[in-house]
Amino acid sequence: MDNIDKIFDSYVSQKLFKNKAILQSNYTPETIPHRNEQIEAVASVLAPSLRGEKASNLFIYGRTGTGKTLSVQHVGMKIISKLKEREQDNLKFIYINCKLKKVADTEYRIVAELIKELGGSVPSTGLPTDQVYSRFIDLIDGKTQVVLIVLDEIDEAVEKMGDNFIYSLTRLNSSLKNAQISIIGISNSLTFMDNLDPRVRSSLGEEELVFSPYNALQLQDILRERATQAFSEGVVDAGVIEKCAAFAARVHGDARRALDLLRVAGDLAEREGSKKICLSHIDLANQKIERDKVLDVIETAPKQFQLVLYSILELTNGESGVFTGDVYNKYQEICEKTKNDALTQRRISDILGEFDMLGIINASVISKGRQGRTREIKMTLGDQIKIKAREIIERSLGV
DNA sequence: AGGTATTCACATGAAACTATTCTCTGAGTTAGG
DNA sequence: TAACTCAGAGAATAGTTTCATGTGAATACCTGT
């Protein structure tokens, strides 16, 4: 009882947060520090569209959390407000995130989404793709106008469905009489352009722009600005901002991660009933984020992956590594017990490789001489996470 | 002792198979004119 | 009559199996000293 009281008390009595939303990742700040150069570049590429001319296609690279999406959206907002101001109606700005599952991860859905954004509608299924295209053309070609299409995370889309949809989009201009479209592609991957059809590459990359990662000092500025808005005065201990920035800079200048870190640290401090956010909270927050990420992966993993992981969990009690064969035997045993079909060793080998990629296990190929060649598998997760992971798997398998 | 050859226990690749998801088409349905 | 919806055929895709080949070093087996 008194535990609950304590939780409530700490919530009521102290308010570390003034406005937590400011640290959430979907928040759009009015100012974007250290990105003036890029914003201006985007603006100057897109500016011709205000005069009704076709803007160059633009391609933007940069790691996650470098402000790509934010900057483009910022420019987009400005353009829209400019349009209102001048009472213009010959320009459309459409933003689509290609990564969103079930919304825009196929060619059909992307075009359907474009149509929806323009106020049209199409059935969610049942039409041939080229017909959707022609409907899209009908929709925009009705009058003279410029359409700016932002395709965020375009690399994901291309990975899923190949690059010919971009080609179709860029070629649409030739079948349009009145309207013109410009495409702004945003990608996280720097090498994305390299393995693209040359025709697509040249048309999409008329203008290119690179968003370099923030360094620690820039991250500090960003954090400081948001922190003053998000937290009440004087709750952020000295050095906290610096530490957050340093953590995030070490990964690769990911501002989103830095903000997450600060927010989670704030949460932890608040829950703990602390009056301040101090350095130790950052460490805890870092662990928590890491843990949540891993557990989320485990939770959403397919059943077979969970079974394999469960086998590994069963086997690793201690420092010494286990080998593929051990895991496979255990796995078969568990499959038998839980009435699941067991996969081949070949597949398990691949699954183990994938776990290694995800960083959930640490596997390295070693040769044991006459005892053959195998993977030596070690757990990298801490004990607490292991227990949690076990619970999750047991629940999802209904053991 | 030093050098080869063997051998283990999988790794790694390629191709074939399969179940599920997408796309497409035409028929049926609806609604508006 | 045009627009929409839907079911089912066919195509694409992801996950998996089958078959084949590759690998690094401990160990077994020579060989000549």
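Order of the sequence lines sets the chain letters (A, B, ...), proteins ahead of strands, with each chain counted from 1. Worth saying up front: this structure is predicted, and the values here are computed from it rather than measured.
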Looking at [Y] and [X], is there a salt bridge between them, counting it only when a charged N and a carboxylate O are closer than 4.0 Å?
X	Y	answer
A/Arg257	A/Asp260	no
A/Lys78	A/Glu85	no
A/Lys68	A/Asp152	no

Just how far, in rounded Å, is [atom2] of [N] from [atom1] of [X]?
X	N	atom1	atom2	result
A/Arg347	C/dT17	CZ	P	8 Å
A/Leu352	C/dT16	CG	C1'	15 Å
A/Phe305	C/dT16	CZ	C1'	11 Å
A/Asp341	C/dT17	CG	C1'	13 Å
A/Lys303	C/dG15	NZ	P	15 Å
A/Asp350	C/dT16	CG	P	10 Å
A/Glu354	B/dA11	CD	C1'	15 Å
A/Phe323	B/dC8	CZ	P	18 Å

Point to revise | Closest to side chain of A/Ser349, choosing from C/dT16, B/dA11, C/dC19 | key: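 That would be B/dA11.
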
Check your understanding: Looking at C/dG15, B/dA14, B/dA11, which one has an atom nearest to any side-chain atom of A/Thr324?
Key ->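 Selected nucleotide: B/dA11.
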
Practice item. For this output row, return yes or no: ring centroids of A/Phe59 and A/Tyr61 closer than 6.0 angstrom. Key: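 Yes, they do, as the ring centres are separated by less than 6.0 Å.
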
**Study point:** Interatomic spacing from CD1 in A/Ile149 to CD1 in A/Ile181 - rounded to 0.5 Å
**Key:**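 Result: 4.5 Å between the selected atoms.
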
Practice item. Flag the pair A/Arg375 / A/Ser349 as yes when at least one side-chain heavy-atom distance between them is below 4.5 Å, and no otherwise. Key: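 Yes, their side chains come closer than 4.5 Å.
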
Practice item. Report yes if the side chains of A/Ile60 and A/Val42 come closer than 4.5 Å at any heavy-atom pair, otherwise no. Key: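 Result yes, sub-4.5 Å side-chain heavy-atom pair found.
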
Review point. A/Leu309 pairs by side-chain contact (heavy atoms from CB on, under 4.5 Å) with which of A/Val297, A/Ile360, A/Leu352?
Key: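 The single option meeting the side-chain contact (heavy atoms from CB on, under 4.5 Å) with A/Leu309 is A/Ile360.
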
Point to revise | Axis bend over the full length of the helix from B/dA1-C/dT31 to B/dA31-C/dT1, computed from five pairs that close each end, to 10 degrees | key: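 Answer for the end axes of this duplex: 10°.
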
Exercise for review: Strictly below 4.0 Å, heavy-atom distances to any atom of DNA chain C: list the hits from residues 358-377 of chain A, or just say none.
Suggested key: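 DNA chain C contact set from residues 358-377 of chain A: A/Ser367, A/Gly369, A/Arg370, A/Gly372, A/Arg373.
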
Check your understanding: Tracing side-chain links under 4.5 Å among I, L, V, M, F, W and Y, which residues wind up in one group with A/Phe323?
Key ->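 Its cluster mates, by chain and number, are A/Ile366.
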
Review point. Taking the nucleotide of DNA chain B with the closest heavy atom to each, which residue, A/Gly325 or A/Arg346, is nearer the 5' end?
Key: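 By nearest-heavy-atom nucleotide position, the 5'-most residue is A/Gly325.
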
